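Data block below; observations after.
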Amino acid sequence: MKVLVTGADGFAGSWLVKRLLSAQHEVFGTTVGAGAPAAPLLTAAERAAVGWRRLELTDEASVRSGLLPPAGGTWDAIVHLAAIAWSRDAADDPDRARDVNVGGVVRVVRCAGELRREGRSDPLLLLVSTGEVYGRDRDGAPHTELDPPQPVSPYSIGKLDAEREGERAASAAGLRLIIARPFPHTGPGQRPVFVVPALLARLRAAKAAGAKEIPTGDLAPVRDFLDVRDVASAYLALLERGRPGEIYNVASGTGRRLQDIFGRLAALVDADITARPEAALKRPWDLPHLVGDATKLRAATGWAPRYSLEQTLMDLVNAETH
């Protein structure tokens, strides 16, 4: 396949690029800057294998230019990953987050529709959303795709709106669209603004300083953590075997308390440190329980997670030492 990945230099995007290249697909990637990005998660050979192009989601002309297939070629698939991915950023600047996360989806789908009408390309679109659109649990059971979305944060509200606007635009343009709803995922290379690498960074800093406790947010919530490499494999599986018009959860089905994650990380870095949850660090939109059911994805594609949580955390710890 010839695949265009928006946000290919980001965390999940880089791991998807690796997975696509390992499967011998031809990969093009977008970045907000000119030229090939630093993309530190990619090797020099992987960066060189990607056809890079600039794309700014808030600019229609830039989206149009970024989505143009190479001369004489066509896209088999477009994976739309580029977005404001941190909920704090979305809350701090909701207008920009909406322009990027919702408006950006509309522009990408609209420009892909124009390519289709012009006979230049008829790609399968994979729109990456989030499991956070389900909102608060009623009974603590893993969410299925049949559960009604009830988002509570500016980020998840915007992602649900992006799903709906993307579906409308794709239907109007006659495009094939699949929506993926990944649940929380982590792994080597994730920025320390996200909870798992943030806890790891605080533990290491406290150990170096000889501290015996660190302030944290609420560690009672339960999360369904996947390895980012399994998520990348799920996206490829959906490109190969997913059914257009459907929504698929990407999840493990197993929930773990953040307190447990903290304890495992402390053990891995050999730090005798306790957590001190502080109300000031708790976010008002934090969900007490977020676990997904990926039965539909498994049935459609045969996908299953390969990495255990223990392996993921160990690889994250080891990656941060190099």
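What you are looking at is a predicted structure, and each value in this text was computed from that prediction instead of being measured.
For the pair R223 and F183, the cation-pi criterion (under 6.0 Å, within 45° of the ring axis) is not fulfilled. Note that R257 lies outside the cation-pi zone of F262, set by a 6.0 Å cut-off to the ring centre and a 45° limit from the axis.
Ion pairing between a basic and an acidic side chain is recognised when a charged N comes within 4.0 Å of a carboxylate O; D59 and R64 show no such pairing. A salt bridge does not link D224 with R256: every distance from a Lys NZ or Arg NE/NH1/NH2 to an Asp or Glu carboxylate oxygen is 4.0 Å or more. At a threshold of 4.0 Å, the pair K296-E145 does not count as salt-bridged, since none of the basic side-chain nitrogens sits closer than that to a carboxylate oxygen.
V5 and F11 are assigned to two separate hydrophobic clusters, defined by single-linkage of ILVMFWY side chains at heavy-atom distances under 4.5 Å. Taken together through direct or relayed side-chain contacts under 4.5 Å among Ile, Leu, Val, Met, Phe, Trp and Tyr, L4 and V128 form parts of separate hydrophobic clusters. Cluster membership check: V32 does not share its hydrophobic cluster with V108, using side-chain heavy-atom separations under 4.5 Å among Ile, Leu, Val, Met, Phe, Trp and Tyr.
For the residue pair S233/R19, the side-chain donor-acceptor check at 3.5 Å is satisfied. Side-chain polar atoms of T58 and D99 form no donor-acceptor pair below 3.5 angstrom. Side-chain contact, S65 with S62: no donor N or O sits under 3.5 Å from an acceptor N or O.
Counting all heavy atoms, side chain and backbone alike, D218 lies closest to L258 at O-CD1, 3.7 Å. Listed here is the closest heavy atom pair of H185 and A12: NE2-CB, 4.3 Å.
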- Could you walk me through whether L67 and L115 pass side chain to side chain contact (heavy atoms under 4.5 Å, CB included), step by step? CA-CA 9 Å; L67 261 63; L115 293 175; 4.2 Å; yes
- Check the pair L177 / L175 against side chain to side chain contact (heavy atoms under 4.5 Å, CB included), numbers first and verdict last. CA-CA 6 Å; L177 177 72; L175 290 167; 5.8 Å; no
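Using a 4.5 Å heavy-atom cutoff, the side chains of T6 and V79 are not in contact. For the pair I214/T274, no side-chain contact is recorded, criterion being any heavy-atom separation below 4.5 Å from C-beta on.
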